Amino acid sequence: MKKKVLFLIAILVVAGVFWGALSRVHPFGEKARAPMDDYYLENAQQERSVNNVVTAIVFDYRGFDTLGEAAVLFTAVCSVLALFRKGSEGK
Amino acid sequence: MNGFAHIAVLAMIIIAGFYAVWFRDLLSSVISLAVFSLLLSLEFFILQAPDVAIAEAAIGAGLSTAIYIIALRACNALKKSGGGDRK
Amino acid sequence: MNPLSVVVRTICDVFAWFMGIYGIYIIIHGHLTPGGGFQGGAVVATMAAFLLVSHGGKKLLSFAKPGFYSGIETAGLLIFITTGFLGLSATFFYNFLAGRGGLFGAVVPIGPNSGILNSAGTISVMNMAVGLEVIGGLSLILIYMFKGIRLFDDQTGGSETGHDR
């Protein structure tokens with residue numbers, strides 16, 4: 001019984017925190033107020049000669065992050081190869 | 001129109017997630033999880049993020065399902081050969 | 001892992017090629033349409049997963065060696081890092097090919113246009129490099145996981161099984 005009451009209190013606290021966070025979220029589809037993405041949308045096509053601004057951000061303005069993502073994938077492959085290598089006792 | 005599509009896709013996502021937990025048969029559960037991923041990619045597409053939609057459809061509905069099916073067949077082979085003892 | 005029935009094999013034979021072509025399209029049109037190296041590489045790696053599940057491992061491993069995929073992954077990562085370092089005259093990852101003419105440097109008109117394929121400088125090169133790396137990496141994960149479960153497999157396999165139940 002005590003566990004159930006604690007569980008209900010925890011549920012209510014988590015729901016309240018989520019409601020408080022989600023009610024302050026920027027509305028979907030509205031124009032953003034940060035100056036950086038306005039700069040990207042206006043100047044990416046002229047500076048980097050790309051039509052797709054998302055690719056311009058991922059591979060050019062934030063290319064270092066993509067290098068980190070490639071390193072993460074390489075590390076994942078290395079760990080899988082180390083996990084499933086041929087053991088000494090199996091064949 | 002857009003609100004109706006949102007509500008329909010989200011309801012189908014909840015139904016697919018419920019069936020992924022509810023099925024006793026593991027292969028049906030895996031297929032239901034693939035349907036869940038496909039509907040989630042449709043929801044990403046409705047929310048105007050086609051990059052994430054392509055990645056979710058390829059990885060969630062393709063690669064994870066293939067890896068789950070490989071694991072399932074490995075478990076069946078294990079069960080057939082009797083116990084978890086390595087030969 | 002034994003091959004599945006004739007129906008599944010035929011359908012997977014037909015659709016795997018569409019998947020491969022679609023993934024390569026996503027990779028090389030990464031600077032024009034949604035998608036890019038990671039998404040296209042994941043779609044191409046799904047082709048390997050389809051062939052592995054439908055045809056069984058013995059047939060797939062007879063023509064897709066792990067060394068081939070490992071070489072693809074290493075080549076993609078090396079091309080990516082080398083392209084990053086080549087722009088070091090200005091900054092790291094500087095787009096030194098954009099707008100210069102040549103194979104990757106066509107000038108794009110400002111505003112809405114119909115898209116020029118050979119335009120985007122090093123972004124196009126990096127798309128192809130990351131695509132190669134993701135194809136190699138995900139296929140290698142899949143093949144090694146499959147080879148790992150073969151430790152438990154019985155030696156009598158090889159005939160066709162209908163379904164998994």
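Computed from a prediction, not measured in an experiment: that's the story for all the values here. Chain A is the first sequence line, chain B the second, and so forth, proteins listed ahead of strands; every chain is numbered from 1.
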Provide the closest heavy-atom pair for [X] versus [Y] in the form atom of the first, atom of the second, distance.
| X | Y | answer |
| --- | --- | --- |
| A/F59 | C/M126 | O-SD, 3.5 Å |
| A/E69 | C/F38 | OE2-CD1, 3.3 Å |
| A/F74 | C/E133 | N-OE2, 4.1 Å |

Output all residues satisfying side chain to side chain donor-acceptor pair (under 3.5 Å) with A/N52, sequence neighbours left out; order by chain, then residue number.
-> A/T55

Counterpart residues, side chain to side chain donor-acceptor pair (under 3.5 Å), relative to C/T46 (two or more places apart) = none

Under 4.5 Å, heavy atom to heavy atom, which residues of residues 1-9 of chain A contact chain C?
-> none

Portion of C/Y144 that has a non-hydrogen atom of chain A nearer than 4.5 angstrom = both

Side chain, backbone, both or neither of C/I141 within contact of chain A (heavy atoms, under 4.5 Å) = both

If you tally heavy-atom pairs under 4.5 Å between each of A/V54, A/V50, A/T66, A/D60 and chain C, the highest tally belongs to A/D60

Filtered by a 4.5 Å non-hydrogen cutoff, the part of residues 20-36 of chain C contacting chain A is C/G30, C/H31, C/L32, C/T33, C/P34, C/G35

Does atom CZ of A/F64 have more than 12 heavy-atom neighbours from other groups under 6.0 Å away?
-> no

